[in-house]
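What follows is one structure encoded as structure tokens, with my remarks underneath.
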Amino acid sequence: PYIEYPPFYFWLVIAGREIGLPLLAAVRLPAYIAFMLWTVWLVRLPRDLFPTWPRILFPLTAAALPAVLYNFFMAQSDSLLMLGVLIAFTGFARLRIDMLSKKFPWELWLGILLATAAKGPVGMAITLPPMAIEICMAAFLTAQPVMSDGKTLRERLMWIVQEGWRLSPIRGILLALVGIVPWYIAAGFAVDWEFVRAVLVYQNFTRFVHGFDHLQPWWMYGQTIWGDLLPLSLLLPIALYFSFRYLRFVSEFRWRMPLIWGLYTILFFTISASKQSKYILPAAPALALIAHAAVDPLFKSDNLHRLVRRILMGFAVVILVTFAGGVFIWLPLHNQQLGGAGGFEKIRATVKQ
């Protein structure tokens, strides 16, 4: 029913139908595949940032968050946005850690390409600004390896420009726009330009300012985050206190990047008049990283390391069995709730109208 959304999710559904998948499988499979890829990048993200952590720790705890499971289980393009943002920040982290790299950051920009193709300009709006903020903040922290108290303002600004240029912003933005701009143009000629205006302006700007259909108070995310991100949300206050008190939470890149990523995303959608709890889920990996600061000392001990790994493996079995049960038990019931055999025809008639 979401004909005003960017078409990438629909293209994936059409591809599934073309290879002979049943309708329900074709509609749901892209989100399931996105969830599996999301867990793959949950392994990649902390690999260089937190090498002492068990490899299964972060992907298991972040992928098991209730709101994450629910939104990947639904057939919607937000799942592709979440995946694209995670890929983009993983590429950004790898680029910033490798200070000598001169290569084009393909991982970063392919993530932004996916996010933009899935949800439009918001894919760039919630990725590029926090990356720029992180680079600017690093330039004025004397604890950084490339900075010192003796650096002048001009030298710091030059470093910001050089570090920003390593992102290859011109080629990268052009690549990101390839996934959506040609479709806007084709839609204008094939349908009409009022449709494009509705898709581009209404979805990305008018709703942000006015929030007609999802109008919520500014403090909404302060309320929803606790249930959506259980149990890690319970660690967030402890993690923030512990990290600012004992860890170099701002001066160390491994903590600073998720902090900026998470806070920026929450602030961005807090300013927006249109709010849904799922809007801040692209920052779920960042918030999960921050929450893990509360248990980071556990991984300094080999005995505790083994104990935590065993606990997590048992937890993994419970989560996977529960998720599999949801797929095989709830899904057929949900299919009947669509209206039985004629449910899809009703949707098709509504869309056509």
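Note that the structure is a prediction, hence the values are computed from the model and not measured.
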Review point. Taking the side chain as C-beta and beyond, is there a heavy-atom pair between D228 and L65 under 4.5 Å?
Key: no
Exercise for review: Find the distance between CZ (F205) and CG (L200) and round it off to the nearest 0.5 Å.
Suggested key: 6.0 Å
Exercise for review: Determine whether K119 and F8 make a side-chain contact, defined as any pair of heavy atoms from C-beta on separated by less than 4.5 Å.
Suggested key: no
Exercise for review: Could you give me the CA-CA distance, side-chain angles and deciding distance for R44 and I87, then say whether side-chain contact (heavy atoms from CB on, under 4.5 Å) is met?
Suggested key: CA-CA 9 Å; R44 288 176 60 83; I87 294 174; over 6 Å; no
Point to revise | Side-chain heavy-atom pair Q276, D78 within 4.5 angstrom cut-off | key: no
Review point. Looking at CE of M99 and CD of E163, how far apart are the two atoms once the value is rounded to the nearest 0.5 Å?
Key: 4.0 Å
Exercise for review: Taking the side chain as every heavy atom from C-beta outward, state whether Q216 and Q223 have any pair of such atoms under 4.5 Å apart.
Suggested key: no
Exercise for review: Please answer whether the main-chain N or O of L21 pairs with a side-chain N or O of R17 as donor and acceptor at a distance below 3.5 Å.
Suggested key: yes
Check your understanding: Counting N and O atoms only, with roles assigned by atom type, does the side chain of W159 sit under 3.5 Å from a partner on the main chain of I135, one being a donor and the other an acceptor?
Key -> no
Review point. Take atom CH2 in W106; do more than 12 heavy atoms of anything else shown fall under 6.0 Å from it?
Key: no
Review point. With side chains defined as the heavy atoms from C-beta onward, is the minimum distance between V122 and F208 less than 4.5 Å?
Key: no
Point to revise | Shortest non-hydrogen separation from F253 to P258 and the atoms involved | key: O-CD, 4.1 Å
Check your understanding: With no hydrogens and no angle check, is any side-chain donor or acceptor of W226 less than 3.5 Å from a backbone partner on G222?
Key -> yes
Check your understanding: Are L230 and F58 joined in one hydrophobic group, where the rule is that I, L, V, M, F, W and Y side chains link up if heavy atoms are under 4.5 Å apart?
Key -> no
Review point. Are the side chain of R166 and the backbone N or O of S101 linked by a donor-acceptor pair below 3.5 Å?
Key: yes
Revision key, fill the gap. Closest non-hydrogen contact found for L69 with F35 is CD2-CZ, 3.7 Å
Review point. What heavy-atom pair brings A294 and L235 nearest, and what distance separates the two atoms?
Key: CB-O, 4.0 Å
Exercise for review: Look at the aromatic rings of F89 and F92 and report parallel, tilted or perpendicular, splitting at 30° and 60°.
Suggested key: perpendicular
Review point. Between atom CG of L267 and atom CD1 of I280, what is the distance when rounded to the nearest 0.5 Å?
Key: 12.0 Å
Review point. Hey, what do you get for CZ (F50) to CG (L57), rounding to the nearest 0.5 Å?
Key: 10.5 Å
Exercise for review: Please report the closest heavy-atom contact between Y9 and S79, naming both atoms and the distance.
Suggested key: CE1-OG, 4.1 Å
Sequence neighbours left out, cut at 3.5 Å: what donor-acceptor pairs do the side chains of residues 170-188 make with other protein atoms?
none

Exercise for review: Mark yes or no for whether N71, through its side chain, and A67, through its backbone, hold a donor-acceptor pair below 3.5 Å.
Suggested key: yes
Point to revise | Backbone N/O of T270 and side chain of K275: donor-acceptor pair under 3.5 Å | key: yes
Review point. Under 3.5 Å, is there a donor-acceptor pair between the side chain of R197 and the main chain of Y202?
Key: no
Exercise for review: Indicate yes or no: at least one non-hydrogen side-chain atom of R94 is less than 4.5 angstrom from one of E107.
Suggested key: yes
Point to revise | Heavy-atom closest contact (S277 atom, Y221 atom, distance) | key: CA-CE2, 4.0 Å
**Study point:** Cluster link W165 to I160, ILVMFWY, side chain under 4.5 Å
**Key:** no
Review point. Going through the checks in order, is the side-chain contact (heavy atoms from CB on, under 4.5 Å) test met by D98 and K103?
Key: CA-CA 10 Å; D98 186 2; K103 298 179 181 178; over 6 Å; no
Point to revise | Any Q76 side-chain heavy atom under 4.5 Å of Y5 side chain | key: no
Practice item. Verify the cluster assignment for V43 and W53: are they in a single hydrophobic cluster under the rule of side-chain heavy atoms below 4.5 Å apart? Key: no
Review point. Roughly how far, to the nearest 0.5 Å, is the CG atom of L37 from the CG atom of L114?
Key: 9.0 Å
Point to revise | Nearest atoms (heavy-atom pairs only) where Y279 meets S274 | key: CE1-O, 3.5 Å
Check your understanding: Between atom CD1 of I260 and atom CD1 of I133, what is the distance when rounded to the nearest 0.5 Å?
Key -> 6.5 Å
Exercise for review: List the steps, then state whether side-chain contact (heavy atoms from CB on, under 4.5 Å) holds for M74 with K278.
Suggested key: CA-CA 11 Å; M74 302 298 287; K278 66 180 181 179; over 6 Å; no
Point to revise | Verdict with supporting geometry, L263 and T265, side-chain contact (heavy atoms from CB on, under 4.5 Å) | key: CA-CA 6 Å; L263 291 180; T265 304; over 6 Å; no
Practice item. Report yes or no: do M124 and V201 belong to one cluster of Ile/Leu/Val/Met/Phe/Trp/Tyr joined by side chain heavy-atom distances under 4.5 Å? Key: no
Exercise for review: Taking the side chain as every heavy atom from C-beta outward, state whether L287 and L232 have any pair of such atoms under 4.5 Å apart.
Suggested key: no
Point to revise | Co-membership, hydrophobic cluster, residues M220 and V209, 4.5 Å side-chain | key: no
Exercise for review: Kindly check if the number of other-residue, nucleotide or ligand heavy atoms within 6.0 Å of CH2 (W193) is above 12?
Suggested key: yes
